[in-house]
Amino acid sequence: NICHHFVHTENRFVALVNAKAAIFNCRQAPGQSMTDYFVSFKELVLVLESYGGKLHDPEEAAPASANIGDLADAAERESFMRHRYCATLFLQNADKQRFNQLRTELSNDFSKGRDKYPTLLTDAHRLLLTYKAREPAKRNDAGGNRGGRPEDGRSDGGVEAAQTADIAAVAEGQGET
């Protein structure tokens, strides 16, 4: 468990900056369970809020894609922004290796006009728990050719397949280090 103590003799702004920094620096470590990461992140948000701080800038406008006009009052808008910031930061700081593909997919969807980013922290947590990454392209023959460039053994599977082949070559001592 994470425990922060608000010292009444500490400058309030220093305490708020430190609490925000702790949240922004809260990253899921390789091998850390999603539950442990989720609990740590939530506790840090609660610490910040107990100090009277907010993760987002209250003056910041909601993005146009948020349909914020549907939210009648300031409290609803505030709640919306809080939830979006928490969900987004939690997702962005999840294990880079395991969830980079998910972040890329969400970004690509957004570029195509489909905002599929989670809007609640619990939704982001559930998405990360249930996400299944695509399997890397597999080689078809001993040389690894599947219609790609014969000189490097890469398939037409795109960048991911090329990176997989490069990693395998380095592991076998055949590639660059």
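- Hydrophobic clustering (side-chain heavy atoms under 4.5 Å, transitive across Ile, Leu, Val, Met, Phe, Trp, Tyr) groups Y131 together with F110.
- Closest heavy-atom contact between K96 and R103: CA-NH2, 3.0 Å.
- Looking at heavy atoms from C-beta onward, F41 lies in side-chain contact with L121 at the 4.5 angstrom threshold.
- At distances below 3.5 Å, at least one donor-acceptor pair connects side-chain atoms of N93 with backbone N or O atoms of C26.
- The two atoms that bring D95 and Q28 nearest to each other are N-OE1, 3.0 Å, heavy atoms only.
- Across all non-hydrogen atoms, the minimal contact from L16 to G52 is CD2-C, 4.3 Å.
- Listed for the T130 side chain is a donor-acceptor partner under 3.5 Å among the backbone atoms of R126.
- No side-chain heavy atom of D36 sits less than 4.5 Å from a side-chain heavy atom of M34.
- Atom NZ of K42 sits in a sparse spot, with 12 or fewer heavy atoms from other residues, nucleotides or ligands closer than 6.0 Å.
- Residues S111 and N108 bring no donor and acceptor atom of their side chains to less than 3.5 Å of each other.
- Rounding to the nearest 0.5 angstrom, the gap separating the CG atom in L120 from the CG atom in L127 is 12.0 Å.
- How far CG of L128 is from CG of D123: 11.0 Å, rounded to the nearest 0.5 Å.
- Residues Q101 and A133 approach most closely at OE1-CB, 3.5 Å, considering heavy atoms.
- The two residues A22 and L44 make their nearest non-hydrogen contact at O-CD1, 3.5 Å.
- Between R84 and D115 a salt bridge is recorded (basic side-chain N to carboxylate O distance below 4.0 Å).
- Here CE of M81 is found 11.5 Å from SG of C86. Values are rounded to the nearest 0.5 Å.
- Separating the CG atom in L106 from the CZ atom in F99 is a distance of 11.5 Å, to the nearest 0.5 Å.
- Not one N or O on the side chain of S79 forms a donor-acceptor pair closer than 3.5 Å with the backbone of A75.
- Follow the hydrophobic side-chain contacts under 4.5 Å out from L129 and you reach Y37 in the same cluster.
- The backbone N or O of A21 sits less than 3.5 Å from a side-chain atom of N25, completing a donor-acceptor pair.
- Electrostatic pairing of E105 and K116 does not count as a salt bridge here, judged by no charged N lying under 4.0 Å from a carboxylate O.
- Remark: F38 pairs with F90, H125 by the ring-ring contact (aromatic ring centres under 6.0 Å, His included) rule, at least two apart or across chains.
- Side-chain contact between L48 and K20 is present, with heavy atoms from C-beta onward closer than 4.5 Å.
- Here the closest non-hydrogen pair linking R82 and H56 is N-CE1, 3.7 Å.
- By the criterion of side-chain heavy atoms lying less than 4.5 angstrom apart, applied directly or through intervening Ile, Leu, Val, Met, Phe, Trp or Tyr residues, L91 is grouped together with F24 in one hydrophobic cluster.
- Checking side-chain atoms of S50 against main-chain N and O of V47 turns up a donor-acceptor pair under 3.5 Å.
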